[in-house]
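Starting from 1, each residue takes its place in the sequence as its number. Whatever order the structure lists them in is the order used to number ligands and atoms, beginning at 1.
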Amino acid sequence: MRTQVGIIGAGPSGLLLSRLLQLNGVDSVVLERQSADYVLGRIRAGILESGTCGMLRQARAGERMDAEGLVHSGIELCSGSRRQRIDLAALTGGKTVMVYGQTELTKDLMDAHEAAGSHIVYEAKDVAISELDSDTPKLTYIKDGAEHTIVCDFVAGCDGFHGVSRRTIPEDQLNTYERVYPFGWLGLLADTKPVGDELIYVNSERGFALCSMRSRTRSRYYIQCALHENVEDWPEERFWETLSTLLPSETAAKLETGNALEMSIAPLRGFVAEPMRHGRLFLAGDAAHIVPPTGAKGLNLAASDIHLLSTALIAFYQNGQSELIERYSDNCLARVWKAQRFSWWMTTLLHRFPDASAYDRQLQMAELNYLAQSTAAQTALAENYVGMPYEDGK
Ligand code: APR
Ligand code: PHB
């Protein structure tokens with residue numbers, strides 16, 4: 001079979017790309033290793049920058065987000081007895097973020113694809129890319145025991161950190177950069193009223209905590225955990241008790257506990273592979289880069305990659321221009337590295353590092369003091385948190 005763009009992975013990156021191409025008359029096929037239910041069962045982040053919201057609307061899948069998403073104009077940082085609200089909107093000329101879970105965003109894109117009769121193959125096994133150096137790279141896969149081949153003009157590797165696309169690029173053609181943090185996040189999702197109206201990021205002497213939410217009735221909490229720990233080490237009661245000890249006492253007093261809908265541990269890692277294009281193969285989203293979740297940038301970076309990739313492919317098919325294809329990697333990486341820096345900074349500011357000295361702790365406190373006193377420092381945090389502009393780094 002023949003298509004213009006073969007897309008590997010039906011996470012947010014692949015689904016968004018396929019949808020934007022479709023709306024602009026470019027043909028694609030999406031190959032996903034898992035079932036649709038499995039993809040929807042993964043609990044990931046839930047903070048959308050305005051650029052990401054715009055992309056979902058552009059994909060004509062933004063209606064439910066606009067109806068049900070919660071617009072947040074601030075976040076809170078807590079440390080000891082200090083509580084510092086960062087007024088995102090006031091500091092950025094009115095910009096806000098949207099609280100809307102990745103699961104919901106993925107579902108909306110899936111529904112839009114289903115209504116449009118898009119070609120998405122779930123449970124496609126052993127996806128492989130071949131003839132990458134030709135003008136017609138091929139994707140092969142197994143579905144229900146039969147082998148299939150798709151001949152493409154381009155391949156989009158939207159298959160996440162553990163996918164096949166990045167590994168297909170010869171090692172000597174790729175530079176990778178990585179920082180693995182010496183702790184993880186243990187998350188718990190529950191149908192309880194969120195403890196605050198806005199997100200609360202906590203730097204406690206005993207470790208990091210985050211009070212987030214998915215809706216006015218569904219909470220998402222995280223606490224810092226050691227790398228060697230397993231979810232089985234954490235009965236729900238232990239989670240709630242530990243969270244209470246990390247939160248400021250007046251917040252802990254309001255904490256509503258309830259049965260966990262999901263608990264999972266995520267490692268914290270910064271990773272970038274560059275360049276993000278190898279001939280006719282493009283990497284996008286988690287396939288090319290990972291950020292620690294502290295700055296809520298993972299999904300948003302995937303959306304900005306897809307903005308650049310869809311624009312480049314549409315320009316190619318509609319006007320025969322390949323300039324944006326040539327610049328794709330550099331344009332993505334300029335924004336990716338800014339988000340890496342911000343995510344590293346938020347992570348370093350708020351966590352308890354096992355090897356931290358008393359000096360390191362004092363530096364964290366000095367940074368939080370500075371944030372409390374300096375509008376310039378707050379503005380720097382706010383403009384990164386709401387999301388840097390989508391630039392075409394000419
Ligand atoms: N063949 C086909 N599909 C694959 C393969 C493969 N070999 N390997 C992985 N996949 C699929 C995964 O099952 C998954 O559904 O690719 C998809 C990748 O989706 P995500 O991991 O969600 O990555 P992405 O779409 O780039 O989404 C951005 O950034 O920080 C995160 O939470 C954020 O998950 C979000 C991501
Ligand atoms: C989440 O709600 O899952 C979430 C929110 C903010 C973050 C990370 C995760 O920084």
Donor + acceptor pair across side chains of Tyr359, Arg361 (<3.5 Å): no
Non-hydrogen atom of Arg214 closer than 4.0 Å to ligand 2: yes
Can Tyr122 and Asp37 be counted as having a side-chain donor-acceptor contact under 3.5 angstrom? no
Please could you name the atoms of ligand 2 that Leu199 approaches to less than 4.0 Å, counting only its heavy atoms? 5 (C), 6 (C)
Considering all heavy atoms of both residues, which atom of Gly196 and which atom of Met213 are nearest to each other, and what is their separation? O-CE, 3.4 Å
Which of the atoms of ligand 2 are close to Thr294, meaning less than 4.0 Å from one of its heavy atoms? 10 (O)
For Tyr100 and Asp66, does a side-chain donor sit closer than 3.5 Å to a side-chain acceptor? no
Quick one, list the residues around ligand 1 where some non-hydrogen atom comes in under 4.0 Å, by chain and residue number. Ile8, Gly9, Gly11, Pro12, Ser13, Leu31, Glu32, Arg33, Gln34, Val39, Arg42, Arg44, Gln102, Val127, Cys158, Asp159, Gly160, Gly163, Val164, Gly285, Asp286, Gly298, Leu299, Ala302
Mutual orientation of the aromatic rings belonging to Tyr141 and His148 [parallel < 30°, tilted 30-60°, perpendicular > 60°]: parallel
Ignoring hydrogens and geometry beyond distance, is a side-chain donor-acceptor pair present between Thr294 and Ser343 at under 3.5 Å? no
Atom 2 (O) of ligand 2 [closest protein heavy-atom partner, distance rounded to 0.1 Å]: Ser212 OG, 2.5 Å
Atoms of ligand 2, numbered as shown, that sit under 4.0 Å from any heavy atom of Ile47: 5 (C), 6 (C)
Below 3.5 Å, N or O to N or O, backbone or side chain included: is there any such pair between Pro293 and ligand 2? yes
Hey, is Arg83 close enough to Glu250 for a salt bridge, meaning N to O under 4.0 Å? yes
Is it true that Arg352 and Asn203 share a donor-acceptor pair across their side chains at a distance under 3.5 Å? no
N or O contact, Trp185 vs ligand 2, cut-off under 3.5 Å: no
Atoms of ligand 2 close to Ala296 [distance to a heavy atom under 4.0 angstrom, numbered from 1]: 6 (C), 7 (C), 10 (O)
Could you tell me if His351 and Trp185 have a donor-acceptor pair between their side chains, going purely by distance under 3.5 Å? yes
From Tyr385, Tyr222, Tyr201 - option closest to atom 7 (C) of ligand 2 by heavy atom: Tyr201
Test ring-ring contact (aromatic ring centres under 6.0 Å, His included) on Phe208 and Tyr222 and set out the steps. CA-CA 8 Å; Phe208 169 82; Tyr222 296 97; 8.1 Å; no
